[in-house]
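Remember, it's 1-based here, ligands and their atoms both numbered in the order they're listed.
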Amino acid sequence: METKVLPVNDESIALAADLLQRGELVALPTETVYGIAADARNGEAVKKIFEAKGRPQDNPLIVHICGLEMLHGIVSEVPERAKKLAAAFWPGPLTMVMPRGPEVSEVTCAGLDTVGVRMPSHPVVQAVIRKSGVAFAAPSANLSGKPSPTNAADTYTDMNGRLPLILDGGECTYGVESTVVSLIGEHPMLLRPGYITKEQMEQALGEDVLVSHAILEKLNEGEVARSPGMKYKHYAPKADVTILHGSFSAYRKYLAAHAEDGVWGLCFDGEADKLPVPCIEYGRQDDPATQAHRLFSALRELDRAGAKVVYARCPEKDGVSMAVYNRLIRAAAFRVVEL
Ligand code: TXA
Ligand code: MG
């Protein structure tokens, strides 16, 4: 299959809308990462997403909408908490897990009776949904297991030949996938951290949000993941990544002791020049939003540079940093060295 990469304009939006209506795939930018869209009601169309990504069939997809009225039929009930969170954070990088409605294909939700829904703020997503009238299911546009793409070129690297159209809308603003919160149980529960933080949601809800322990730790053998995506190896570049937790001087010493061909550092802005191995910088130490923005493209740069072993500086674990740590620890297969 030939994969077209087109700039965003009326014509390419119309083509994307037409493809979605005909049950085909379209890759497109959102404010978080690039996604692969297919009509969430059309099981045959959604199956093509799983094929294009090589994604396990039991990992459900998020449904994307552009107005609250579209919730009708997609969810069977809008919980009170969803109304509060929507008022505070939609459109934006927040996905809410709610009871599944009759119009969403079982394939989209991997057979679960719940559905994750989000209303993106990205103008390209909004234009495509408006033009097509299609609420679309969309995972991140990487091959399963790879870092999520945050620009059209990285999307093309993974999806060339696997779908007909990539809309090139430039770099994504946030660079990590949406926050996922479940509103199914007695208490709201954070399933995947993102740019919208647990603290911000607690403020909007006026109550505590629980944190699924799988976010920062490895699942135990045989444990059932609340968010199926959390059980898979994820975000991994080709190199073996290890997180080094400690001061900059301890990090520098460790690199000096382990310097050899193929060893790279993944460090904060302004540090690369002071280190004894080649390094890629992934944002400012004091600004987790810049780390979120850079992390996935930095992991892909390490692949292109031919890195075999990567030692990464450790982010914090709270606020937006929780999202960065959650992705990086998966890229590192949970290897952390205390310096
Ligand atoms: O920012 C994003 O959310 C991007 C863009 C494209 O919108 N999409 C994205 O989708 O990251 P994906 O498929 O890569 O990740 C979806 C995550 C997975 O961890 C999945 O298990 C979880 O959301 N999820 C989806 N539906 C769920 C449900 N009904 N219950 C629990 N977890 C769910
Ligand atoms: Mg993904």
Run the contact test for [X] against ligand 1 with a 4.0 Å cut-off on heavy atoms, strictly below, and give the result.
X	answer
His64	yes
Arg55	yes
Ala138	yes

[X] bridged to [Y] by N-O distance under 4.0 Å:
X	Y	answer
Arg294	Glu281	no
Asp158	Arg300	yes
Glu51	Arg162	no

I'd like to check which ligand 1 atoms, numbered from 1 as shown, lie under 4.0 Å from a non-hydrogen atom of Gly35. 6 (C)
Enumerated ligand 1 atoms positioned under 4.0 Å from heavy atoms of Ser178: 1 (O), 2 (C), 3 (O)
List, by chain and number, the other hydrophobic cluster members for Tyr195, where Ile, Leu, Val, Met, Phe, Trp and Tyr join if side-chain heavy atoms come within less than 4.5 Å, directly or indirectly. Tyr174, Val320
Counting heavy atoms only, which of Asn59, Leu61, Thr179 is nearest atom 20 (C) of ligand 1? Asn59
Validation row: Met1, Pro164 side chains within 4.5 angstrom (heavy atoms): yes
Between ligand 1 and Thr114, is the shortest N or O to N or O distance under 3.5 Å? yes
